[in-house]
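What follows is a single structure, written as structure tokens, with notes after it.
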Amino acid sequence: MKKISLLLFCLAFSFLTAQVNRIEPPNWWVGFKNENLQLLVHHPNIGTTIPKISYPGVSIIKVNQAKSPNYLFIDITIDKSAKPGTFNIVFEPEKGKKIIQSYELKAKSKPSEDFIGFNSSDVIYLITPDRFANGNDANDVVKTMKETTLDRTQNYKRHGGDLQGITNHVDYIKNLGFTAVWPTPVLTNDMKGGSYHGYAMTDFYQVDPRFGTLNDYKNLADKLNQNGMKLIMDQVANHCGSEHWWMKDLPFGDWVNYQELFEKEKKFITSNHRRTTNQDLYASEKDKKEMTDGWFVSSMPDLNQRNPFLAKYIIQNSIWWIETLHLGGIRQDTYPYSDKAFMANWTGEIMAEYPNFNIVGEEWTSNPLLIGYWQRGANNKDGYQSNLRSTMDFAMQTIIPQAIKEPESWDKGLAKIYEGLANDFHYASPKDLMIFPDNHDMDRIFTQLNENIENTKMALATYLVLPRIPQMYYGTEILMQNTAKPGDHGLIRTDFPGGWKGDKVNAFTGEGLSVEQKDMQNYLTKILNYRKSSKAIHEGKTTHFAPNKGVYTLFRMLNDETVVYILNKNDSVTIDLSTFSEIGLEGKKVKNIVTGEEFIWNKELILNKKGAYLFTTKLN
């Protein structure tokens, strides 16, 4: 009899303490400037219940039902009197058992003003985690997921790299001279194929178990922070993966764009990719709609940020990750494809909470007018203000390899860099633009420059000295290339040698690297580590001189530090230093940043080989 009574008690207790299937955000914090929070709750017929909260400082303001009966959106306030702790949300149905969901409010780890975003003092190391290093081979295959194939011989299969692999090699990245790490997305991509790249998310709050756990992600962030480095999170507001959990039970009829067409006919409209419609004074409504509302590809449903509940969901998700990982920045994928009014609001709410944070948006165009449009402070004719501090400088990225490869003439070759940099008058803040030689979606810089090592050094030095925030892709330091198949993304994202047990070449230790690869590692290490403490490069005045006979010269200056940058296309050349008299270097001692050689800046400078030359007046 006692056993029966105990069993009945346990059953009753289990009913009373039943948890909902999903509540997002899964926790929150006290002490935000914005005291409002909206909870998404997903559970069978949860929409027919009445939620109640009894916790000091926390109040339900409004309960919002969705089209699907399996959702509730609960608006609550968390006022200044609320203390960290756990409370219950009780869902009372008209009939049947109550559902009790516990919810935690945490204390913020530090004031919002102390979240310092990446800036022009940083150089960012971009990593495709699946292809960098396998730190835990136990998570290589997760049999419960839709893609269970691991095959390093196939460029578009999973290779097994993970978060632990990056954490294991933070010291390598730091010693090279990088100050921030940007991994491509590591959230769950439970897709049938091609899931390694991470951009078709099926859960915005879960780390993909093949990359590790949330604790692994936190450990990476902690190790970077302990080393004075920043973690930048790659986020996607424009779309999700077609296998996202909510695609089987969408809350509203407009949660994704062209949802009704998709549900009725399994069809959708692909984006026309006409990104100029965001700025075009003459663009038709048809073209605008197909650009913003069209799906990026068939496996990535386009999210409708005009739905206020989805908009709030995305904003809160970003804030949740900032607090959870103590982020040093966000990179927002496919920035111009989302609803631009929403993107201004998304960025604005984040920056209002974290005024010293930073976000960079991807606008893939070589047109400076379009790039500048998205930057905070832009003088846009339509009055649009994006609130975005940083945008990606695809314009200068494109120009630099062209300029180095081209034969010299009045308007070709190095003149392109000179004139490209002259476009900085258009930008609200040039030094907040992110520049890069390549990334995970384009040919590697060594391939762009036809595997010419000297030209590659010239290009890399250029990216690192301009008034910008530089980003480099993993493997650039060892001349990784995709020359066999230009444009092939799988090859562009080649495994980093030494990241897997049994690799014959190990770039982390130098074992098996060629002389040329070691030389490039050393070259970048010297420039990057000088750049770390160079206030002149971080925030100094820039002055450059028009190219003359295959020589382009640029100066970065702040207080008593002057950095001299010379690009020389000649086998041998004598430079008349009186040309640069306005800089005021005559009679001063300068040092070659790469070789350490010193000389007095006097009448002339003889350069006996083609290449990039970096000099500084800072001798120690």
Side-chain angles (χ1 to χ4, degrees), residues 26 109 118 124-145 147-148 150 152 157-176 178-191 194-236 241 317-318 320-331 333 439-440 471 473-475 493-501 503 507-508:
S109 61
F118 60 91
I124 300 159
Y125 194 66
L126 167 60
I127 296 171
T128 301
D130 183 63
R131 307 298 168 86
F132 185 64
N134 189 350
N136 179 10
D137 54 17
N139 62 24
D140 287 355
V141 173
V142 178
K143 293 183 179 179
T144 57
M145 304 192 80
E147 185 177 20
T148 58
L150 184 89
R152 289 183 67 196
K157 297 292 185 182
R158 299 193 79 97
H159 290 191
D162 50 31
L163 288 163
Q164 187 61 51
I166 302 173
T167 305
N168 291 347
H169 298 292
V170 165
D171 289 345
Y172 168 80
I173 299 167
K174 179 183 179 182
N175 290 337
L176 282 172
F178 292 95
T179 61
V181 173
W182 156 22
T184 55
V186 297
L187 301 188
T188 296
N189 272 231
D190 196 8
M191 303 289 286
S195 65
Y196 77 94
H197 60 68
Y199 288 97
M201 296 168 191
T202 57
D203 193 316
F204 284 96
Y205 281 98
Q206 182 186 67
V207 174
D208 194 303
R210 294 161 295 190
F211 287 135
T213 65
L214 179 58
N215 280 337
D216 291 329
Y217 210 174
K218 290 179 179 178
N219 289 340
L220 171 60
D222 289 344
K223 186 164 184 180
L224 289 168
N225 289 334
Q226 290 162 11
N227 282 276
M229 302 170 73
K230 298 165 185 172
L231 175 63
I232 298 169
M233 186 176 183
D234 203 334
Q235 296 189 353
V236 185
N317 178 258
S318 296
W320 189 88
W321 282 111
I322 293 171
E323 288 288 338
T324 298
L325 298 175
H326 303 162
L327 292 177
I330 291 171
R331 180 263 186 182
D333 185 59
N439 63 26
H440 56 296
Q471 163 255 298
Y473 195 30
Y474 79 97
R493 303 160 187 174
T494 299
D495 292 351
F496 191 78
W500 280 256
K501 295 174 184 176
D503 283 359
F508 297 116

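Note that the numbering runs from 1 along the sequence shown for the chain.
Put simply, CD1 on Ile127 and OH on Tyr474 are 9.0 Å apart, with the number rounded to the nearest 0.5 Å. Expressed to the nearest 0.5 Å, how far CG of Leu224 lies from CD1 of Ile166 amounts to 8.5 Å. The distance from atom CG of Asp171 to atom CG of Leu176, rounded to the nearest 0.5 Å, is 11.0 Å. Between the CG atom in Leu163 and the CG atom in Asn215 there is a gap of 11.0 Å [rounded to 0.5 Å]. In this structure, the separation between CG on Leu187 and CG on Leu214 is 10.0 Å, given to the nearest 0.5 Å. Taken from CD1 in Ile173 to CZ in Phe132, the straight-line distance is 4.5 Å, to the nearest 0.5 Å.
Here the side chains of Asp495 and Arg131 are in contact, with some heavy-atom distance below 4.5 Å. In this structure the side chain of Leu231 reaches within 4.5 angstrom of the side chain of Leu327, judged on heavy atoms. Using a 4.5 Å cut-off on side-chain heavy atoms (C-beta onward), Arg210 and Ser195 make contact. Residues Asp203 and Asp190 form no side-chain contact, since every pair of their non-hydrogen atoms from C-beta on lies 4.5 Å or further apart.
The two residues Ile232 and Pro183 have their closest heavy-atom pair at O-CD, 3.3 Å. Taking every heavy atom of both residues into account, Met145 and Pro209 meet most closely at SD-CG, 3.5 Å.
Side chain of Asp162 to backbone of Gly135: a donor-acceptor contact under 3.5 angstrom is found. Proximity of a side-chain donor or acceptor of Gln164 to a complementary backbone N or O of Asn136 within less than 3.5 Å is not detected. Remark: side-chain polar atoms of Asp130 are paired, donor with acceptor, to backbone N or O of His159 under 3.5 angstrom. A donor-acceptor pair under 3.5 Å is formed between the side chain of Thr202 and the backbone N or O of Thr188. Using modelled atom types, one side-chain atom of Arg493 and one backbone atom of His440 make a donor-acceptor pair closer than 3.5 Å.
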Test side-chain contact (heavy atoms from CB on, under 4.5 Å) on Thr184 and Leu126 and set out the steps.
-> CA-CA 7 Å; Thr184 55; Leu126 167 60; 4.0 Å; yes

Verify side-chain contact (heavy atoms from CB on, under 4.5 Å) between Ile330 and Ile322, making sure each step is shown before the conclusion.
-> CA-CA 8 Å; Ile330 291 171; Ile322 293 171; 4.0 Å; yes

Residues Thr213, Val207; criterion side-chain contact (heavy atoms from CB on, under 4.5 Å); working and verdict = CA-CA 6 Å; Thr213 65; Val207 174; 5.9 Å; no

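Evaluation of the side chain to side chain contact (heavy atoms under 4.5 Å, CB included) rule for Lys174 yields Asn227, Met229, Lys532 as partners, not counting sequence neighbours. Partners of Asn189 according to the side-chain hydrogen bond (donor to acceptor under 3.5 Å, both in side chains) rule, which considers only residues two or more places apart in sequence or in another chain, do not exist here. A search for ring-ring contact (aromatic ring centres under 6.0 Å, His included) contacts involving Tyr196 returns nothing, not counting sequence neighbours. By the side-chain hydrogen bond (donor to acceptor under 3.5 Å, both in side chains) test, Thr179 is found to be paired with Asp122, residues two or more places apart in sequence or in another chain being considered. Remark: Leu150 engages Asp140, Val141, Arg158 in a side chain to side chain contact (heavy atoms under 4.5 Å, CB included) (not counting sequence neighbours). Taking the side chain to side chain contact (heavy atoms under 4.5 Å, CB included) definition, one finds that Asn225 meets it with His326, sequence neighbours left out. Under the side-chain hydrogen bond (donor to acceptor under 3.5 Å, both in side chains) criterion, Ser318 pairs with Gln235, Trp346, sequence neighbours left out. With sequence neighbours excluded, the residues that form a salt bridge (Lys or Arg N to Asp or Glu O under 4.0 Å) with Asp333 are Arg331. Every residue meeting the side chain to side chain contact (heavy atoms under 4.5 Å, CB included) condition with Pro185, not counting sequence neighbours, appears here in chain and number order: Tyr199, Met201, Asp234. Qualifying side-chain hydrogen bond (donor to acceptor under 3.5 Å, both in side chains) partners for Tyr473, counting only residues two or more places apart in sequence or in other chains: Thr128. For Trp321, the ring-ring contact (aromatic ring centres under 6.0 Å, His included) test picks out Tyr217, with sequence neighbours left out.
Aromatic ring pairs are classed by plane angle as parallel below 30°, tilted from 30° to 60° and perpendicular above 60°; the pair Tyr205 and Trp320 is perpendicular.
Identified under the salt bridge (Lys or Arg N to Asp or Glu O under 4.0 Å) test for residues 213-227, with sequence neighbours left out: none.
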